[in-house]
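For ligands, and for the atoms within them, numbers begin at 1 and follow the listed sequence.
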Amino acid sequence: MSVIKVMSENLANKIAAGEVVEKCASVVKELVENAIDAKATIIKVNLIKGGLEEIKVIDNGVGMDENDAIMAFSRHATSKIYKDDDLFFIDTLGFRGEALPSIASVSEVYLETCQKDVGTKVHIKGGELLEKGLSSAVVGTKITITNLFYNTPARLKYLKSEATELANTTAFLEKLALDKPEITFTLTNNNTLIFKTSGSGNLLKAIHEIYGLNVSSKMIPIHALSDDFEITGFISKPEILKSSRNYLITFINERVVRNNDINRAINDAYYTYKPDGKYPIVVINIYTDPTLVDVNIHPTKQDVKISKINDLYNLLYQTIKDALYDSLLIPDAIPKEEADKIKNSFEPIAKFQNIDGEQTTFDFNTPSEPVKNEEFKSLVLHPVGVCLGTYIICDNEDGIYLIDQHAAQERVNYENYLANLKKEQVHITNLLIPITIELSQSDYQKFQIHHEVFDKMGFVWEEFGINTIIIKSHPFWLKTGYEEESIKKIIDLIINLEGNFDPIKFRENVAITLACKMAIKANDHISMLEIEGLLNNLMKCDNPYNCPHGRPTIIKFSVYDLEKMFKRAMN
Ligand code: ZN
Ligand code: ZN
């Protein structure tokens with residue numbers, strides 16, 4: 001019996017047909033999502049010239065009978081969407097079904113499909129059925145698209161280079177493979193393997209198969225539960241950073257989505273763990289009641305609107321922040337992949353290749369136990385000296401440590417300033433000689449708008465002539481000898497406040513700015529006594545591993561790494 005139903009005219013109008021096909025990746029998306037709907041567990045995507053020449057998708061799903069195979073290409077027939085309400089229900093991957101006829105109308109399609117024991121083949125060009133007949137009986141579907149946009153030159157122009165089309169398809173399939181780790185995905189281009197997942201159902205293993213061991217070994221598992229949301233997945237340690245947001249991969253109810261607030265929660269949680277403009281790799285699933293999610297913004301876009309977004313923001317932010325804090329440890333100077341390479345180079349190769357050609361072994365079920373912060377606090381470091389005027393060298397029985405003196409002191413200062421800024425009760429210091437600060441007309445006006453912020457910090461001041469203020473008292477924690485410089489920095493931050501005032505962000509900004517200003521710089525000489533003081537203070541920090549801009553403060557060469565490098569150890 002046919003599973004394709006004719007959908008209502010009303011719904012058909014909601015979906016502007018051609019809108020869903022704009023590049024090779026959107027054709028792949030349509031075909032692969034059809035395969036998933038057909039309950040395939042193995043999906044192969046073979047491209048020629050990034051899909052410009054040919055897109056072939058082979059699956060082992062349930063296949064179609066003869067009637068479905070023809071109906072699948074007729075407009076307004078779809079097995080996926082039955083009624084209006086379904087459009088708003090996130091359980092469906094959305095909007096497909098309508099795309100297959102529109103793909104067929106602008107390309108040449110060969111379809112071979114088999115349900116149970118009858119195989120059907122169909123050949124369509126420009127939407128016209130050229131041939132239909134029996135085909136060999138291998139359950140599943142093989143669909144080949146060639147000559148994409150051959151009859152719509154205007155569209156053809158918009159196809160990009162092979163490299164760009166391939167990059168788009170790869171990015172899409174990688175996300176899908178992470179979304180569905182239980183499905184085996186294979187992507188090839190010009191008969192060269194791009195990536196393959198094993199369909200193990202294990203997300204961390206899928207991350208390994210797509211991004212490699214260096215990434216997968218540095219992922220932290222997260223889990224959180226609230227009344228409305230459940231979050232599971234993995235986030236990268238701050239050592240693994242990318243230059244784009246493309247690796248912030250989020251699924252809601254197992255559907256790839258994009259949402260600025262979710263990205264903001266992730267980015268804010270990494271605050272001070274990473275530099276601005278760098279992004280971690282994050283793969284998370286958010287489960288929620290589908291009625292809280294509005295997906296119907298645009299058929300090809302993944303943007304969604306979420307009710308109770310503030311609750312989700314807070315849950316995600318706190319979960320990631322806690323997970324990062326719990327996993328803090330000193331980054332190894334030698335990445336694990338490198339260390340393994342060194343290790344492997346001493347071993348007979350055969351020993352490292354099992355049947356699958358896997359080169360490295362990694363236990364996906366027990367992520368390595370991170371060294372807890374408490375352990376850092378008991379770390380004993382013996383300072384040896386300073387090199388390049390910047391790096392403090394220390395050692396202990398585990399290895400050699402390099403500490404960036406500026407970054408380390410910046411961290412110490414930052415936590416001090418932040419602690420003081422958070423205090424409700426402000427102790428103030430009266431200035432014997434008041435400090436006069438002259439501002440430009442516009443800066444003076446901006447300062448006036450937000451002066452309560454300044455007042456609350458413990459500053460006592462008065463107007464003093466045109467665009468000038470005179471400071472009589474300041475909070476006690478300003479560094480002695482640097483009061484004027486500090487005050488100017490703070491006023492600068494107040495002048496630049498915009499939009500909604502966020503006291504937490506403001507405090508952090510003040511702390512970071514002053515921390516950097518007041519820290520010893522590279523090439524500033526520090527004595528052995530000062531080094532010991534600095535190390536002591538660093539140990540006491542909440543996060544001793546990063547400066548507030550997210551740079552590392554300390555890195556380690558383990559004894560093992562050193563012995564490897566000097567070839568003292570052979571395994
Ligand atoms: Zn700095
Ligand atoms: Zn810094």
Side-chain angles (χ1 to χ4, degrees), residues 236-243 266-280 320-321 324-325 327-333 373 376 379 381 383 386-394 401-422 477-494 496 502 504-527 530-531 533-556:
S236 70
K237 289 181 185 169
E239 301 150 60
I240 303 284
L241 294 174
K242 298 281 180 183
S243 299
I266 297 168
N267 202 43
D268 289 354
Y270 274 84
Y271 192 65
T272 82
Y273 284 93
K274 65 171 186 66
D276 277 350
K278 291 277 180 189
Y279 303 92
I320 294 179
K321 214 177 152 101
L324 284 171
Y325 182 78
S327 73
L328 288 170
L329 81 175
I330 303 170
D332 277 324
N373 217 18
F376 191 102
L379 197 64
L381 294 178
V386 177
C387 63
L388 302 176
T390 305
Y391 306 106
I392 300 167
I393 307 168
C394 298
Y401 301 78
L402 293 181
I403 294 128
D404 180 322
Q405 64 179 33
H406 174 74
Q409 186 155 64
E410 210 174 40
R411 166 51 66 174
V412 171
N413 290 350
Y414 168 73
E415 292 200 6
N416 264 330
Y417 281 125
L418 201 58
N420 281 315
L421 282 159
K422 279 182 186 162
W477 46 262
L478 291 189
K479 190 172 171 187
T480 316
Y482 296 86
E483 293 88 349
E484 184 166 346
E485 203 182 331
S486 305
I487 292 167
K488 281 182 173 161
K489 280 277 158 205
I490 292 168
I491 290 178
D492 216 44
L493 289 171
I494 291 173
N496 286 305
D502 178 345
I504 296 172
K505 275 258 156 69
F506 177 73
R507 282 201 295 259
E508 284 182 339
N509 277 335
V510 170
I512 288 185
T513 308
L514 295 184
C516 181
K517 266 269 146 226
M518 302 308 149
I520 32 163
K521 301 287 179 291
N523 295 317
D524 282 356
H525 177 77
I526 54 172
S527 68
E530 286 171 308
I531 290 176
L534 175 56
L535 291 177
N536 255 327
N537 289 332
L538 185 64
M539 298 295 162
K540 284 183 215 139
C541 281
D542 217 22
N543 168 10
Y545 305 91
N546 302 101
C547 88
H549 305 96
R551 288 200 297 110
T553 55
I554 178 167
I555 61 169
K556 175 186 179 181

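Taking backbone and side chain together, Cys516 holds no N, O or S atom under 2.8 Å from the Zn ion (ligand 2). Here His406 does not reach the Zn ion (ligand 2): none of its N/O/S atoms is less than 2.8 Å from the metal. Cys547 lies apart from the Zn ion (ligand 1) in this respect, since none of its N, O or S atoms is found at a distance under 2.8 Å.
With salt bridges taken as basic N to acidic carboxylate O contacts below 4.0 Å, one links Lys505 and Asp268.
Closest approach between the Zn ion (ligand 1) and any N/O/S atom of Glu410 involves OE2. The N, O or S atom of His549 with the smallest distance to the Zn ion (ligand 2) is ND1.
Remark: the backbone N or O of Glu483 is not paired with any side-chain donor or acceptor of Glu485 at under 3.5 angstrom. Side-chain N or O atoms of Asn546 include none that pairs as donor or acceptor with a backbone N or O of Pro548 at under 3.5 Å.
Shown here for Glu410 and His549, the closest heavy-atom pair between the two residues is OE2-CE1, 3.1 Å.
Rounding to the nearest 0.5 Å gives a distance of 7.0 Å between CZ of Phe506 and CD1 of Ile490.
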